[in-house]
2 protein chains.
Amino acid sequence: MKLTTLGYALIGLVQAEPCSGYALRRVFETTPMGTYSSSPGSIYPALARLVAAGFLEKRAPAGGGKKLFHVTTRGRDAMNAWLRTPVTEEEVTRSVDLVLLRFAFLENVDEPGVTQSFLASFESALSNRIEQIEAYLESPAGRALGRHGRLAVENGLQGLMTQRQWAATSKKEFRS
Amino acid sequence: MKLTTLGYALIGLVQAEPCSGYALRRVFETTPMGTYSSSPGSIYPALARLVAAGFLEKRAPAGGGKKLFHVTTRGRDAMNAWLRTPVTEEEVTRSVDLVLLRFAFLENVDEPGVTQSFLASFESALSNRIEQIEAYLESPAGRALGRHGRLAVENGLQGLMTQRQWAATSKKEFRS
DNA sequence: CCAACCATGTAAGCTGTTACATGATTGA
DNA sequence: TCAATCATGTAACAGCTTACATGGTTGG
């Protein structure tokens, strides 16, 4: 079964701390993870699918009380595999957000080298993409852009450069 | 009928220059607009829907030749309305890409003030969002973040700041 | 007691993804 | 002539959005 972005987001949050469906919705409503929709119509069915596919399970804690979602071994494995896939240029082009989501969940992995290599692949994917866009700007098509078009492309470019800077700085921080 | 992102992208491109479905796919494949999928299964049905809803029409140019898509009055009106809606904080949170798409298509509007006010609303939406995230980082929840989580949020923050800088600079450029 | 919040769902509808399918044209 | 590119579609499937629906708990 192929997981969606929302699927990974849910597994990652549950892995950090077992919680209820409602608590997950609150996270999307009240934290900068609000890029995802918090509507019940997306969360609850998604959770049900994840349980059905064996990535999560719903059970009461040892001392009794409310049932909460917990990650299964299967879910943890899927998460680990996902976190370890290198960042591709394609991913940087389509959805940088997704890359950052993965980075955030690296918190749950304790091998130190993983974050390092993740950031390294991110940096190089960014560099490739930046080169591509710069090449485009200097190509005939790029030169033919109007003011708005050019500025919009430059905006994207600046965003990628900021990310690259961030990746470089963060990598240093993880040497300790 | 409510238009999707892809719908607006298609109308905007066709408005800039009448073209075939295949040409539109090429744009998504070969330019930085590649955030959108270029698969035939998305483009052709989307174009068909836009024609059915009266935003586009397919016709041969005066001198004969291949049939191309053209914007209708209805399509142009929808586009203008969309381009003139101020940027909201919600939009900045959910999909900055969409904001930039709108900006790029402002090229097709010749009233000069429109770009100015668009950028002004973008700038203020960004400022609000930036404040929110900064507040979050200093809240108990924010302070409880691990290294990865904090860095991920800071990455988002830096991205927004870059955008704000861009908006300010661009606004100046449009005074001329 | 009533509003607000906690908490969990279902159902219709639309859109995008993936994969398959077809045929014309052009350059090596 | 054969591969690549032009060019346009269809069909199955899964996911998200929106809207509806329900009921418990808590604080003013």
Side-chain angles (χ1 to χ4, degrees), chain A residues 1-11 13-14 17-30 33-53 55-61 65-70 78 90-91 93-95 97-98 101, chain B residues 1-11 13-14 17-31 33-53 55-61 65-70 90-91 93-95 97-98 101:
Chain A
M1 185 216 188
K2 219 204 150 210
L3 286 164
T4 65
T5 306
L6 178 60
Y8 284 115
L10 292 172
I11 296 179
L13 288 170
V14 167
E17 189 191 347
C19 51
S20 70
Y22 186 75
L24 291 164
R25 288 182 57 204
R26 304 283 7 239
V27 170
F28 295 134
E29 256 168 23
T30 63
M33 284 193 68
T35 336
Y36 301 91
S37 162
S38 66
S39 71
S42 59
I43 309 280
Y44 293 112
L47 285 168
R49 281 195 302 272
L50 292 171
V51 169
F55 295 105
L56 297 182
E57 57 181 352
K58 199 175 186 178
R59 60 176 159 77
K66 257 173 42 93
K67 280 192 178 182
L68 299 175
F69 289 99
H70 294 254
E90 155 81 9
E91 210 180 352
T93 307
R94 292 284 174 128
S95 50
D97 301 3
L98 203 47
L101 185 69
Chain B
M1 184 216 190
K2 220 207 149 206
L3 287 164
T4 65
T5 307
L6 179 59
Y8 283 116
L10 293 172
I11 296 179
L13 288 170
V14 166
E17 190 191 346
C19 50
S20 69
Y22 186 75
L24 291 165
R25 289 183 56 204
R26 304 290 357 249
V27 170
F28 295 134
E29 256 168 22
T30 63
T31 74
M33 283 193 69
T35 336
Y36 301 93
S37 161
S38 67
S39 72
S42 59
I43 308 281
Y44 293 112
L47 285 168
R49 280 196 301 272
L50 292 172
V51 169
F55 295 105
L56 297 181
E57 57 181 352
K58 198 175 188 178
R59 60 177 159 77
K66 258 174 40 94
K67 281 192 177 182
L68 300 174
F69 289 99
H70 294 254
E90 154 84 7
E91 210 179 352
T93 306
R94 292 284 174 127
S95 51
D97 301 4
L98 203 48
L101 184 69

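Within every chain, numbering begins at 1; the chains are lettered A, B, ... in the order of the sequence lines, protein sequences first and strands thereafter.
- Contact record, A:Ala23 with A:Cys19: CB-CB, 3.9 Å, taken as the closest heavy-atom pair.
- Residue A:Lys66 has its side chain nearest to C:dA7 when only C:dC6, C:dA7, C:dT17 are considered.
- Closest contact between the side chain of A:Arg49 and the listed nucleotides D:dG15, C:dA19, C:dT15 involves D:dG15.
- Note on B:Gly41: a base of the nucleic acid sits closer than 4.0 angstrom, heavy atoms only.
- Between B:Leu47 and B:Leu24 there is a side-chain heavy-atom pair separated by less than 4.5 Å.
- When all heavy atoms of B:Ser20 and B:Lys66 are compared, the closest pair comes out as CB-NZ, 3.6 Å.
- In this structure, A:Tyr8 atom OH and D:dC16 atom P are separated by 13 Å, rounded to whole Å.
- In the set C:dC6, C:dG16, D:dT17, C:dG16 carries the atom at the smallest distance from any side-chain atom of B:Ser42.
- Protein atom CD1 of A:Ile43 is 13 Å distant from nucleotide atom P of D:dT18, rounded to whole Å.
- Contact annotation for B:Leu6: backbone-only contact, meaning every heavy-atom pair under 4.0 Å involves sugar-phosphate atoms and none involves a base.
- Protein atom CG of B:Leu24 is 12 Å distant from nucleotide atom P of D:dA7, rounded to whole Å.
- Across all strands shown, A:Ser39 has heavy atoms under 4.0 Å from base atoms, whether or not it also approaches the sugar-phosphate.
- In the set D:dA19, C:dG16, D:dG9, the nucleotide with an atom closest to the side chain of B:Lys58 is D:dG9.
- A 4.5 Å side-chain heavy-atom check between A:Leu3 and A:Ile11 finds at least one atom pair inside the cut-off.
- The distance between atom CG of A:Leu68 and atom C1' of C:dA7, rounded to the nearest whole Å, is 12 Å.
- Here C:dG9 is the nucleotide among C:dG9, D:dC6, C:dT17 with the atom lying nearest to any side-chain atom of A:Tyr44.
- Across B:Leu6 and B:Ala46, no two heavy atoms sit closer than the pair CD2-CB, 3.9 Å.
- For D:dC6, the OP1/OP2 oxygens have a side-chain nitrogen or oxygen of B:Tyr22 closer than 4.0 Å.
- Residue whose closest nucleotide on DNA chain D sits further toward the 5' end, between B:Arg26 and B:Phe69: B:Arg26.
- Nucleic acid contact for A:Arg25: base, since at least one base atom lies under 4.0 Å from a heavy atom of the residue.
- For the pair B:Leu50 CG and C:dT15 C1', the computed distance is 12 Å after rounding to whole Å.
- A 4.5 Å side-chain heavy-atom check between B:Arg49 and B:Phe55 finds every atom pair outside the cut-off.
- Atom-to-atom, CG of B:Leu47 to P of D:dA7 comes out at 14 Å; the value is rounded to the nearest Å.
- Straight-line distance from the CE atom of A:Met1 to the C1' atom of C:dT18: 16 Å, rounded to whole Å.
- Across the interface with DNA chain C, nearest-nucleotide mapping of A:Pro45 and A:Lys2 shows A:Pro45 to be the residue nearer the 5′ end.
- Rounded to an integer number of Å, the gap from A:Leu3 CG to D:dG15 C1' is 13 Å.
- Closest approach to the B:Ser37 side chain among C:dT17, D:dT17, D:dT8 is made by C:dT17 (side chain taken as heavy atoms from C-beta onward).
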